[in-house]
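Basis for what follows: all heavy atoms, side chains included, without hydrogens, waters or symmetry-related copies. So you know, we letter chains A, B, ... as the sequences are listed, proteins then strands, and number each from 1.
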2 protein chains.
Amino acid sequence: MTQKTTLPLDQVLVGDCIELMNSLPEKSVDLIFADPPYNLQLGGDLLRPNNSKVDAVDDHWDQFDSFRHYDEFTRDWLTAARRVLKDTGAIWVIGSYHNIYRVGNMLQDIGYWILNDIVWRKTNPMPNFRGKRFCNAHETLLWCSKSEEQKAITFNYEAMKQLNEGLQMRSDWLMPICSGSERLKDEKGKKVHPTQKPEALLQRVLMATTRQGDVVLDPFFGTGTTGAAARRLGRHFIGLEREDTYAEAARDRIAKVQMLDGDSLELTESKRSLPRIPFGAVIERGLLAPGDKIYDNRGNVAAMVRADGSISHKDNAGSIHQIGAHVQGAQACNGWTFWHYKCDGRLVSIDNLRTQLRKEMGQVPA
Amino acid sequence: MTQKTTLPLDQVLVGDCIELMNSLPEKSVDLIFADPPYNLQLGGDLLRPNNSKVDAVDDHWDQFDSFRHYDEFTRDWLTAARRVLKDTGAIWVIGSYHNIYRVGNMLQDIGYWILNDIVWRKTNPMPNFRGKRFCNAHETLLWCSKSEEQKAITFNYEAMKQLNEGLQMRSDWLMPICSGSERLKDEKGKKVHPTQKPEALLQRVLMATTRQGDVVLDPFFGTGTTGAAARRLGRHFIGLEREDTYAEAARDRIAKVQMLDGDSLELTESKRSLPRIPFGAVIERGLLAPGDKIYDNRGNVAAMVRADGSISHKDNAGSIHQIGAHVQGAQACNGWTFWHYKCDGRLVSIDNLRTQLRKEMGQVPA
DNA sequence: GGCAATAGTGAATCTGTTC
DNA sequence: AGAACAGATTCACTATTGC
């Protein structure tokens, strides 16, 4: 394959990702996000307690004969990726325990420098049906620079801090898996790709470690979550994908994505630029009244709202954040998302009340 | 060093952990918990924003000049550990992103089989003072069996489920770091060990994957958190530690631990651990009679009970499980929960009869 | 249409004992 | 060693059906 002199921006290229990466100019992309095959080694079928069969990942692209073959594959694509990456660039790789220790080890062997490992905690993982293990409720992302010497890596620290309500963003991120209307389905209602990632995950990755106009390369593009997030956030993407079906689905999907304009991007980046709303304002405006009960998301724990915007639970009183943390035995808690009120018999997050207040106050909602 | 023929139970041995492990009889311990030195490569001292120095991990034993040396060290101790581990035993290793990808890769290379990776989410991690990275708020634990073929690993599923308020325990655990009165300090108030682990973490590990009386080996004993948790929970420990200071502190600490009594250590039994009752026993005891009809949970399908404990449906006869599977067109079926009998016009699960029988036989109900 | 009940599903290395 | 068989086991959320 001949070497390209310009980048094929915002395109999906079909073919082997190593060959395609080698056809791109060296040191040309700002970020790489990679979701390589996990090398799942499944035994027989897995049945749920109700005897239905789990639709497992048994695709041919996830089959490797041995760790040695998987390692060779990993070395090859990580090496090709390193060539196209700018010296100031960074790479993200996502995986599970089946492959992430192979990948992490190889990243280090090749000379990449791990900046953080990030844990994606799933709100709704598939349970362990046989009761033989802990529920496998997370995946791991590795964020690396090209080498130890490269210190000037893009990291939008303040944006992350604001996303986390003023506290430093941690290495554990809580997000739901990709489902519902976000999940691409074919005409028969079957999922197009077995492992489509949630766009929220990619949004956070891109918000944290790229700037507007940056070029993001994804060598295992699949159905193009990286491309969708990049387009939405005003970044360029290059998608490499071996399967034509996936590539086609990705193109259709990305074409439909609404690109945010510069202004709204600024807003997304700085949620904190919205004035803080004290919980007391919810009481003042009468959205909740003193004496009202608020609950955790299961309705198990109840606290009482007090006139001054504090809440009480048993003998303790304090802010929604303090009491939320206390009842969980946690150090900290975002009371806005922890507490719920009853509306027509259903539990609704009090964060909805904050959003409503912001609307009334003419602030653009996040 | 000569080979010991009996285990040095509940002792702290001072010396090189590899030599000491090689002096123990092979296949003799039930569990290994290891907190190996981290390959922390801090370039120079780390300063807090106010310029006070962070007491980072810079003890002499924590310096390795390359991944190669670290890998050799890792291979050596993991190999020695595998020799002393029973075939049905398991190993836990804890680490951070600096070393866990080396360790995980080596575990797999040696033949260990990863059962889960567990994320310890810290409620109170040290912040990232420079604001250049995500706050490193977790550590990773790997839980492995000796090989892929070893399936019968101790896992107290029900106990874990109880601990998690009735939901199966996930792979992400939220716990504070070791601080306050739990943290061992010397006369000058300086912490005795740089990376003392919280006892709660070890308690969960031991509650999940050992039984009372099991032998737990910790090759990097430090100040003995593993020993303290083991003693408290009625497990035996063997601690290996190179530094005499740490070993001495560990012995003092463990001597003060209050051992819990046996009753409080009883775990919620799983159904699996109860003696098996054949369906024929239900007939023998007269709880059902030959000729009685049993039904699925809607009363749609009926089968007839026969004197030998088999049942018949149309032209087919067999066990409650076989016929249950057959009428559903399923691969397998738990006949005890599938079939029901009529009592006062209502359908009641035949599993109730099994429970009744177990009570009469003096077996503890689940 | 509204609400309740039921069914479906997601990167999963998912059994133990006896013959 | 392999086959046969008993029998234990799920959480959060979405989509569909039923009343």
Classify [X] by what it touches in the nucleic acid, base, sugar-phosphate, or nothing, heavy-atom distance under 4.0 Å.
X	value
A:Pro36	base
B:Leu167	sugar-phosphate
A:Ser96	nothing
B:Leu115	nothing
B:Arg170	nothing
A:Pro176	nothing
A:Asn297	nothing

If I take atom [atom1] in residue [X] and atom [atom2] in nucleotide [N], what distance separates them, rounded to the nearest angstrom?
X	N	atom1	atom2	result
A:Met175	C:dG10	CE	C1'	18 Å
A:Lys53	C:dG10	NZ	P	13 Å
A:Glu182	C:dG10	CD	C1'	13 Å
A:Arg48	C:dT6	CZ	C1'	15 Å

Could you list the residues that satisfy side-chain hydrogen bond (donor to acceptor under 3.5 Å, both in side chains) with B:Arg354, not counting sequence neighbours?
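Checked B:Arg354 against side-chain hydrogen bond (donor to acceptor under 3.5 Å, both in side chains); matches are B:Asp351.
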
Could you tell me which residues satisfy salt bridge (Lys or Arg N to Asp or Glu O under 4.0 Å) with [X], sequence neighbours excluded, listed by chain and number?
X	result
B:Arg298	none
B:Asp117	none
A:Arg170	A:Asp172

With rounding to whole Å, what would you report as the distance between [N] and [M] at their [atom1] atoms?
N	M	atom1	answer
C:dG10	D:dA8	P	28 Å
D:dG7	C:dA11	C1'	28 Å
D:dA6	C:dC14	P	23 Å
C:dG8	D:dT10	C1'	13 Å

Heavy-atom check, side chain of B:Trp92 versus side chain of B:Leu142, under 4.5 Å:
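Not in contact.
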
Heavy atoms within less than 4.0 Å of DNA chain C: which residues of residues 313-341 of chain B have one? Give them sorted by number.
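Within this stretch, nothing sits under 4.0 Å of the strand.
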
Between A:Arg346 and C:dG2, is there a side-chain N or O to OP1/OP2 distance below 4.0 Å?
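Result: no.
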
Is a side-chain donor-acceptor pair under 3.5 Å present for [Y] with [X]?
X	Y	result
A:His138	B:Ser171	yes
A:Thr225	A:Arg253	yes
A:Arg183	A:Ser179	no
B:Ser147	B:Glu149	yes

Residues in ring pair (Phe, Tyr, Trp, His ring centres under 6.0 Å) contact with [X], at least two apart in sequence or another chain:
X	value
A:Phe134	B:Trp143, B:Phe155, B:Trp173
A:Phe64	A:Tyr70, A:Phe73
A:Phe237	A:Phe221

Annotated protein contacts, base or backbone, on nucleotides 14-19 of chain C with a non-hydrogen cut-off under 4.0 Å, one of B, S, - each:
BSS---

Using a 3.5 Å limit for the pairing distances, which stems of at least 3 consecutive Watson-Crick or G-U wobble pairs does DNA chain D take part in?
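Expected stems, ordered by start: C:2-10 with D:11-19, C:15-19 with D:2-6.
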
Distance under 4.0 Å to a non-hydrogen atom of chain A counts as contact; along DNA chain D, which nucleotides mark the start and end?
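Reading along DNA chain D, I get D:dG7 to D:dA15.
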
Using the closest heavy atom to pick a nucleotide of DNA chain D for each, name whichever of A:Asn124 or B:Lys161 lands nearer the 5' end.
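Taking each residue's closest nucleotide, the earlier one in sequence belongs to B:Lys161.
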
I'd like to know whether the aromatic ring centres of A:Tyr295 and A:His340 sit less than 6.0 Å apart in this structure.
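Distance test on ring centres: not under 6.0 Å, no.
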
What is the minimum heavy-atom distance between B:Trp336 and B:Ile277, and which atoms define it?
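Taking B:Trp336 first and B:Ile277 second, the nearest heavy atoms are CZ2-O, 3.2 Å.
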
Among all residues two or more places apart in sequence or in another chain, which pass the side chain to side chain contact (heavy atoms under 4.5 Å, CB included) test with B:Trp113?
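Scan of B:Trp113 (side chain to side chain contact (heavy atoms under 4.5 Å, CB included), adjacent residues dropped) gives B:Leu115, B:Ser145, B:Glu148.
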
